[in-house]
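Given the structure is predicted, the values throughout are model-derived calculations rather than measurements.
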Amino acid sequence: MKDNEIFDYIKKETENIPVPDSLAPKQIEKNLSGKKQRKYILYRKRSSVLVAAACLCLVIIAGFAAYPHLYSSFDSPIIKTAENKESDTASVTYHEVYEHINDYWDSLSDSDLTDGASAGASLEENAVTSDAEDAKSATAEQESPNAASDDYSETDLQVKGIMEGDIVKTDGKYIYTMMESTMGYEVTIYLADGAATKQVSKISVQDSDCKEMYLHEGKLILTGNSWRNAREKTDAYPEQYEYDVEYVKPYANETEIIVYDISQPEKPKKLSSLTQSGTYNTSRISNGYLYTFTNYAVWERDIKENEPEDYIPQINGKVIKEENIQFLDDAGTNSYLVMTSLKLDSPKDFSDSLTTLGGGSDFYVNDSHIYVTQITYKDYWLVGGQNYTAIVKYNYKDGKFSYHARTQVRGEIKNSYYMHEYKGNFCFVYTKYKRRSTSNGLCVLDDKLNLLGEISNLGRDERIYSSYYIDNMAYFVTFRETDPVFAVDLSNPKKPTLKSELKLPGFSSYLHSFGDGKLLGIGEHFSKKRAGGVKFSMFSIGKDYKITEQAKKLLSENTMCYADENHKAVFVDEERSLFGVGIEDDYEPVNSEYAVYSFANNKFKKVLSCKLAGSVENVRGIRIGTTFYVVDVEDEITAYDMNTWKKL
């Protein structure tokens, strides 16, 4: 075969093979948390594909001679649930955990590391199922304004009533911002008063990275990674560490939760500080409890059984009790998922904790269930290898956790916004990969995670970029050369029905309801004459859920935004037909702006343009009454009159 033919083959092969989770931008960013990554973040959309292609070229060349024997047609993405046993909920002893972790390290030393690349994430191998990839979206279940006042906006949520943290919060009178500092992070509290907005206090926390914060009934809750122990370990054993603490801190294996009394925001009072083992993943507030999820890994190979603190997660410095540890798999692993609950009325100690061996990546949480997914790779680096996603369902109520069911799906469910619960059934969209082809679909599982219904083979040779659920309807976008928008009716869980399919140039990587019968799409526009740039689409949902593009607006080709990477960065006011988002020039970030658009008479109209000093990723737009605030946590707060959209 000639060189150019080999190159063409490699190009085609790499085009649709998913990026390994360890190389995904999201995972790289997590690993490098705590360090400035602006240049990386700015260009990752275009560079990540090149990185993946470069890595996968080596894989394909190595397996080139074998590929004719390994090619096969698409497998039907049928879901088969792992048998749920009584032993699934049984607690284990420290001795069993010790043996489990040693089995993991022994299996790695005897293998070529091609199996189980995501430590301990698989469930039973006989539980085979469906798939999905890289998407960003939102759901229709938006949080209503605070019950005490309906005069200010809140953080955009995935599920109504389930609070999520962010870097900017308001209670209608004060604005709270969080940003990293040289030695940790700072929370600044401002009195929101239009042009007279002023700082009233500041909280500084050292040796920690705050990831998210909450406001709840006169309390400020901060959650994030602590590298305090990593610093102490580095100081005590400097010969064991090649790098200084700046490089150690992203791998600090402890999460810290700090609660402040802010009944007097000018004088915040610290109430408690709690810790749990593991790197911070995410958290939620539901019915007065904070639920925190961390991933804890044991990296030491030579652990001693009589020193459980070296291989068992800890809660507030104490090793988790045996009755709070569960196995969900017989295979060895070195990782845990650690879950805690904290009653915010009395935040002195955790109400409950549960840890399972196997870890967790993405979480869907409603008012009674927690769904945890984790991706594994089976012979991933071989042509013919498969990706799998484990799904574990937990019940929770009044701060108490209990295991419910589990399964495994063939492929990937790589983002929490793929997932949705409707009338007690679990739904998700997926992308199925097979050599040069891809296929997409939607599955519905029952309470025990058994398959109820499925619709498949949608958007062949494309992959999902966003999804959005409104009651019984699932909307999702796939893309390769066009942007098919699918509408699937979930009313009959045993027979999901495709109601509409709309094909457009480009893709929407963010979807959000925008009032009755409308769906807002934010993404990029690609065509033969255009290489990219931000695109706004307003989709109309007509009779029998038929979708049409009611209007569109294209910005310049070099523009980009972060709507697809963080739905909390988008301001949406359906009642006022407004949305706000940060827009960045891909080559000159100094030209960035926070823009607010209105939609009326089938047209997008820019009503506000606030120039920004740098990247838009740490900027939020919030509304208090008729005043709109553009909050740049690294620079300033700018106020505008929403009646005239003039700067105050």
Side-chain angles (χ1 to χ4, degrees), residues 33-34 146 148 155 163-192 198-232 245 249 252-294 314-318 338-353 399 631 633-634:
S33 63
N146 187 284
T155 300
M163 296 291 294
E164 298 184 34
D166 199 10
I167 60 173
V168 173
K169 290 284 187 177
T170 183
D171 57 10
K173 185 176 181 180
Y174 294 89
I175 296 173
Y176 301 75
T177 70
M178 183 277 295
M179 65 173 289
E180 65 179 35
S181 64
T182 303
M183 301 300 292
Y185 65 90
E186 296 177 341
V187 175
T188 306
I189 305 176
Y190 299 87
L191 176 64
K198 63 179 181 180
Q199 176 183 324
V200 297
S201 61
K202 180 177 289 189
I203 299 170
S204 297
V205 180
Q206 293 190 1
D207 296 338
S208 188
D209 288 321
C210 183
K211 297 303 181 183
E212 297 176 323
M213 63 179 174
Y214 295 86
L215 300 178
H216 179 78
E217 297 181 355
K219 295 183 178 66
L220 171 69
I221 302 99
L222 310 177
T223 58
N225 296 320
S226 170
W227 69 83
R228 195 169 296 111
N229 288 340
R231 184 189 295 278
E232 294 172 357
V245 73
K249 74 179 186 181
N253 227 357
E254 184 175 74
T255 288
E256 183 176 29
I257 301 165
I258 307 177
V259 182
Y260 288 87
D261 179 350
I262 51 170
S263 55
Q264 298 182 58
E266 297 82 0
K267 298 179 180 180
K269 180 182 178 181
K270 186 175 180 179
L271 296 177
S272 60
S273 175
L274 303 95
T275 61
Q276 65 187 74
S277 292
T279 302
Y280 179 78
N281 186 307
T282 191
S283 58
R284 301 288 192 275
I285 289 180
S286 176
N287 293 321
Y289 287 84
L290 172 73
Y291 297 89
T292 304
F293 308 95
T294 60
Q314 299 181 38
I315 302 295
N316 288 331
K318 297 181 180 179
V338 183
M339 302 185 290
T340 62
S341 64
L342 176 66
K343 189 174 184 179
L344 295 175
D345 284 346
S346 52
K348 294 297 183 181
D349 201 359
F350 291 114
S351 300
D352 193 18
S353 64
V631 183
V633 301
E634 296 183 349

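Within 6.0 Å of the CD atom in Gln199, the count of heavy atoms belonging to other residues, nucleotides or ligands exceeds 12. By the 6.0 Å contact criterion, NZ on Lys219 is enclosed, its count of non-hydrogen atoms from other residues, nucleotides or ligands being greater than 12.
Judged by distance alone, the side chains of Thr155 and Lys169 do bring a donor and an acceptor atom under 3.5 Å apart. Side-chain contact, Tyr214 with Ser283: a donor N or O sits under 3.5 Å from an acceptor N or O. Donor-acceptor pairing under 3.5 Å is lacking for the side chains of Gln276 and Thr255.
In plain terms, the two heavy atoms of Met213 and Val187 that are nearest each other are SD-CG1, 4.2 Å. Shown here for Tyr174 and Glu266, the closest heavy-atom pair between the two residues is OH-OE2, 2.9 Å. Contact between Ser351 and Lys343 at its shortest, heavy atoms only, is OG-N, 3.5 Å. Residues Trp227 and Met183 approach most closely at CZ2-O, 3.6 Å, considering heavy atoms. The two residues Pro268 and Ser201 have their closest heavy-atom pair at CD-OG, 3.8 Å.
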Let me see the working for Ile315 and Phe350 under side-chain contact (heavy atoms from CB on, under 4.5 Å), right down to the final yes or no. CA-CA 8 Å; Ile315 302 295; Phe350 291 114; 3.2 Å; yes
For the pair Leu290 and Thr223, evaluate side-chain contact (heavy atoms from CB on, under 4.5 Å) and give the outcome as yes or no after the intermediate values. CA-CA 10 Å; Leu290 172 73; Thr223 58; 4.2 Å; yes
For Thr188 and Val200, run side-chain contact (heavy atoms from CB on, under 4.5 Å): C-alpha distance rounded to whole Å, both residues' side-chain angles, the deciding distance at 0.1 Å, then the answer. CA-CA 8 Å; Thr188 306; Val200 297; over 6 Å; no
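Proximity of Tyr260 to Leu222: side-chain heavy atoms (C-beta onward) are separated by under 4.5 Å at one or more points. In this structure, the side chains of Pro265 and Tyr176 come closer than 4.5 Å at one or more pairs of heavy atoms. Between Ile203 and Leu220, the closest side-chain pair of non-hydrogen atoms falls below 4.5 Å. Contact annotation: the side chain of Asn253 approaches that of Thr279 to within less than 4.5 Å [non-hydrogen atoms, C-beta and beyond]. Looking at heavy atoms from C-beta onward, Lys270 lies in side-chain contact with Ile258 at the 4.5 angstrom threshold. The closest side-chain heavy-atom distance from Leu274 to Thr340 is not below 4.5 Å. For the pair Met178/Tyr185, a side-chain contact is recorded, criterion being any heavy-atom separation below 4.5 Å from C-beta on. Residues Leu342 and Thr292 form no side-chain contact, since every pair of their non-hydrogen atoms from C-beta on lies 4.5 Å or further apart.
Using modelled atom types, one side-chain atom of Asn225 and one backbone atom of Tyr280 make a donor-acceptor pair closer than 3.5 Å. Of the possible donor and acceptor atoms, none in the side chain of Lys269 sits under 3.5 Å from a partner among the backbone N and O of Ser263. For the pair Ser208 (side chain) and Gly184 (backbone), a donor-acceptor distance under 3.5 Å is absent. Here the side chain of Ser272 pairs a donor or acceptor atom with the backbone of Pro347 at under 3.5 angstrom. For Asn316 (side chain) and Thr275 (main-chain N/O), a donor-acceptor pair under 3.5 Å exists by modelled atom type. Using a distance-only test at 3.5 Å, with no hydrogens or angles considered, a donor-acceptor pair links the side chain of Thr294 to the main chain of Ser277.
Here the NZ-CD1 distance, from Lys198 to Ile175, works out to 14.0 Å after rounding to the nearest 0.5 Å. Atom-to-atom distance recorded for His216:NE2 and Asp171:CG is 13.5 Å, nearest 0.5 angstrom. Once rounded to the nearest 0.5 Å, the distance linking CG of Asp261 with CD of Glu217 reads 12.5 Å. To the nearest 0.5 Å, atom CD of residue Gln264 and atom CD1 of residue Ile189 are 11.5 Å apart. Rounded to the nearest 0.5 angstrom, Ser286 OG and Met163 CE are separated by 11.0 Å. In this structure, CG in Asn287 is found 12.0 Å from OG in Ser341, a value given to the nearest 0.5 Å.
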